[in-house]
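Position 1 is the first residue of the sequence; numbering continues from there.
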Amino acid sequence: MDHSRAPLVDALAAYHRSDRYGFTPPGHRQGRGVDERVLDTIGRDAFRSDVLIGPGLDDRLARGGYLAEAEELMADAVGADTAFFSTCGSSLSVKAAMMAVAGGQGGGLLVARDSHKSIVAGLIFAGVRPHWITPRWDAERHFSHPPSPQQVREAWERNPDAAGALIVSPSPYGTCADIAGIADVCHERGKPLIVDEAWGAHLPFHPELPTWAMDVGADLCVVSVHKMGAGFEQGSVFHLQGDLVDPARLSACADLLMTTSPSVLVYTALDGWRRQMVQHGRELLDAALRVADDARADLARIPGITVMADELLGVEASHDLDRLQVLMDVSGTGSTGYDAADWLREHRHIDMGLVDHRRILATLSIADDKETVASLVDGVAAWRDQLKDPRPSQIRLPSPKELQLETVELPREAFFGDVEIVPIAKAPGRISAEQLTPYPPGIPVAVPGERLNEAVVEYLRSGHEEGMNVPDAADSSLETVRVVRE
Ligand SMILES: Cc1ncc(COP(=O)(O)O)c(C=O)c1O
């Protein structure tokens, strides 16, 4: 296909030249109606490009026209049979994928327990029964790794009627599963594998990056182009191949969840990013990987900072690592990831991608260069230098076993059923009716339908005191918890 084309980018450029006027939404009429103070902040150009898909930009933008062509180019660029653009992030895409594979079927879905909260939301929406695949735990570092093919095989042996399997790879820390091995295990049973590849939009475009799901036989994957690519927030794509998932059913499931007013800005940026990646991705990612190598080496020289790489890989750990995710264990300084991140934010105006009790993560992208990582290295070194009286983490961490809560009810039943609110001290032993998710990375510690235990409640309480954010709890101060009424 001709990847010098970017049909949506061209259509929007033509719209700008055409001087058309629409008596249609959006009511701001390309910014004419917008308050000057808003224009001063957002810029008029953003409004000029915010056009109604269909009659606004061009009738041919509807499926079958420019959009379909842009999606075909995207699929071709990454080796998928079909690609669909979506404007509500992987949060929507993954739900649609789950509904397409397991919705309305009794067998449930094999789901990695280190899943993002949007996957749990998908279980609640679709009423799907999760059969959890336990991640591998590094108890010493308190870190979970994506499941192995053997763990997925065991999950299939316990639940042969499940409709398919869903894993997350890369994780928000950049650690990756053996997708090829897991796809084989699923295909031995003629069942599809969905990969939540929200953090992997860039993977198809450089051979040094971890395996791209479509290259090794996954049936369906979803990516967030805004995370590791250069899309606007919410820009996501579903990629599909083979015949285990029906594209018409997937499209219909996405349609159930999708807005009828998708953002042209989001779609156009997806289209332009695909062209950029096909034409220049290799060299751009090459440069980003070299910048990441240098950053890793410089950060590793700071006393007490361990830049994690090899310790994340191995038979009992992850299969691969995206080295653009620069994960630093700061526990050797005697302090916490929360302290480092707060200090960097306040004193250096640097925001970290992810923070936990002992780690901070810098997510690098094609936009980073020597200068941006120099400010990171300098900032982390300055934090270390001023650390005269470090306060070690007081979080009471559960053991891997304690983290495995018993599933008592379907997430949907627990979420929508009769609930009561109890003080957190009374929560152990009760069935959670809500997700309790330290964010980031957004992996729920408790899922609706799971029985809370003392260790998990203590972890959340002590974590909250130290700076952990649990935004999806109805009471994010964590004084109370929503539980199933007894
Ligand atoms: C593993 C994973 N899946 C899905 C999502 C949801 O992606 P989005 O923010 O594009 O909705 C996230 C977001 O952080 C994520 O980390």
Side-chain angles (χ1 to χ4, degrees), residues 110-117 119-120 123 130-148 151 154-155 158 167-168 171-173 175 311-312 316-318 329 331 336-338 354-359 392-411 414-415 422-473 475-476 478-484 486:
L110 305 187
V111 184
R113 183 58 182 81
D114 60 345
S115 287
H116 185 253
K117 57 180 283 189
I119 293 178
V120 175
L123 297 170
H131 302 295
W132 297 119
I133 313 168
T134 327
R136 280 167 294 184
W137 283 100
D138 177 338
E140 189 196 324
R141 295 187 181 83
H142 239 267
F143 194 84
S144 78
H145 294 279
S148 65
Q151 284 170 300
E154 285 159 13
R158 287 191 302 273
I167 60 160
V168 177
S171 73
Y173 294 90
T175 52
E311 52 276 78
L312 297 173
E316 285 307 314
S318 295
D329 186 337
S331 58
T336 64
Y338 298 118
L354 193 152
V355 184
D356 66 23
H357 62 284
R358 61 187 283 174
R359 286 166 283 254
S393 174
Q394 304 297 316
I395 297 189
R396 293 180 283 286
L397 296 163
S399 68
K401 197 158 176 277
E402 288 167 329
L403 270 174
Q404 283 174 47
L405 299 177
E406 179 199 2
T407 301
V408 185
E409 289 188 13
L410 281 188
F415 183 88
V422 296
I424 191 153
K426 297 240 153 52
R430 303 295 300 269
I431 302 168
S432 184
E434 60 181 343
Q435 298 202 58
L436 296 167
T437 313
Y439 214 98
I443 301 168
V445 174
V447 163
E450 286 180 337
R451 193 182 299 284
L452 296 163
N453 63 21
E454 193 75 46
V456 157
V457 166
E458 267 312 291
Y459 169 52
L460 289 167
R461 264 163 70 146
S462 56
H464 183 259
E465 276 163 24
E466 201 155 281
M468 178 198 284
N469 191 16
V470 186
D472 56 3
D475 173 5
S476 58
L478 287 186
E479 278 166 24
T480 60
V481 183
R482 281 165 77 84
V483 294
V484 171
E486 279 182 344

Next item on the list: Check whether the side chains of Y459 and H357 place a donor and an acceptor atom closer than 3.5 Å, and report yes or no.
Entry: no
Margin query: Any non-hydrogen side-chain atom of K426 less than 4.5 Å from a side-chain atom of V483?
Written below: no
Next item on the list: Evaluate the side-chain proximity of V445 to L403: yes if any heavy-atom separation is below 4.5 Å, no if none is.
Entry: yes
Item checked: Check against side-chain contact (heavy atoms from CB on, under 4.5 Å), E311 and R141 -> CA-CA 10 Å; E311 52 276 78; R141 295 187 181 83; 3.5 Å; yes
Item checked: Enclosure of R451 CZ (heavy-atom neighbours >12, cutoff 6.0 Å) -> yes
Check: Out of curiosity, T437 OG1 to N469 CG, how far, rounded to the nearest 0.5 Å?
Finding: 10.5 Å
Note to self: For the CG atom of N453 and the CD atom of E406, what is their distance to the nearest 0.5 Å?
What the structure shows: 10.0 Å
Check: Taking all atoms of both residues into account, what is the closest heavy-atom pair of I167 and A112, and its distance?
Finding: CA-CB, 4.2 Å
Next item on the list: Please tell me if the side chains of V168 and S115 come closer than 4.5 Å, counting only heavy atoms from C-beta onward.
Entry: yes
Item checked: Inter-residue atom distance T480.OG1 - D475.CG, 0.5 Å rounding -> 3.5 Å
Notebook entry, point to check: Any idea which heavy atoms bring P448 and A414 closest together, and the distance?
Noted result: C-CB, 3.7 Å
Next item on the list: Could you give me the CA-CA distance, side-chain angles and deciding distance for V447 and R113, then say whether side-chain contact (heavy atoms from CB on, under 4.5 Å) is met?
Entry: CA-CA 10 Å; V447 163; R113 183 58 182 81; 3.6 Å; yes
Notebook entry, point to check: In Å, rounded to the nearest 0.5 Å, how long is the span from CH2 of W137 to NZ of K401?
Noted result: 14.5 Å
Check: With a 4.5 Å heavy-atom cut-off, do S171 and P441 have their side chains touching?
Finding: no
Check: Within a strict 4.5 Å, meaning less than it, do heavy atoms of the P411 and P130 side chains meet?
Finding: yes
Check: Between E434 (side chain) and R482 (backbone), is there a donor-acceptor pair under 3.5 Å?
Finding: yes
Notebook entry, point to check: CG of D114 to OG1 of T175: how many Å apart, nearest 0.5 Å?
Noted result: 8.0 Å
Margin query: With heavy-atom distances below 4.5 Å as the criterion, would you say the side chains of L478 and R461 are in contact?
Written below: no
Note to self: For the backbone of A317 and the side chain of R136, can you confirm whether one donor and one acceptor N or O come within less than 3.5 Å of each other?
What the structure shows: yes
Item checked: Sub-4.5 Å side-chain heavy-atom contact between L110 and W132 -> no
Notebook entry, point to check: Which distance, rounded to the nearest 0.5 Å, do you find between the CD1 of I395 and the OH of Y338?
Noted result: 4.5 Å
Next item on the list: Kindly write out the residues that satisfy ring-ring contact (aromatic ring centres under 6.0 Å, His included) with F143, not counting sequence neighbours, or none if the list is empty.
Entry: H145, Y173
Checklist line | Heavy-atom closest contact (P444 atom, H116 atom, distance) | finding: CD-C, 4.1 Å
Check: Is there a side-chain contact between Y439 and V470, using heavy atoms and a 4.5 Å cut-off?
Finding: no
Checklist line | Verdict with reasoning, V111 to V120, per side-chain contact (heavy atoms from CB on, under 4.5 Å) | finding: CA-CA 9 Å; V111 184; V120 175; over 6 Å; no
Note to self: Testing the basics here: between H464 and S476, what is the closest heavy-atom pair and its distance to 0.1 Å?
What the structure shows: NE2-O, 3.3 Å
Check: For the salt bridge (Lys or Arg N to Asp or Glu O under 4.0 Å) test, which of E486, E450, E409 pairs with R430?
Finding: E486
Notebook entry, point to check: Is a side-chain donor-acceptor pair under 3.5 Å present for T336 with E466?
Noted result: no
Check: When you check the gap from the basic side-chain N to the acidic O, do R396 and E458 get nearer than 4.0 Å?
Finding: yes
Check: When you check the gap from the basic side-chain N to the acidic O, do K117 and D472 get nearer than 4.0 Å?
Finding: yes
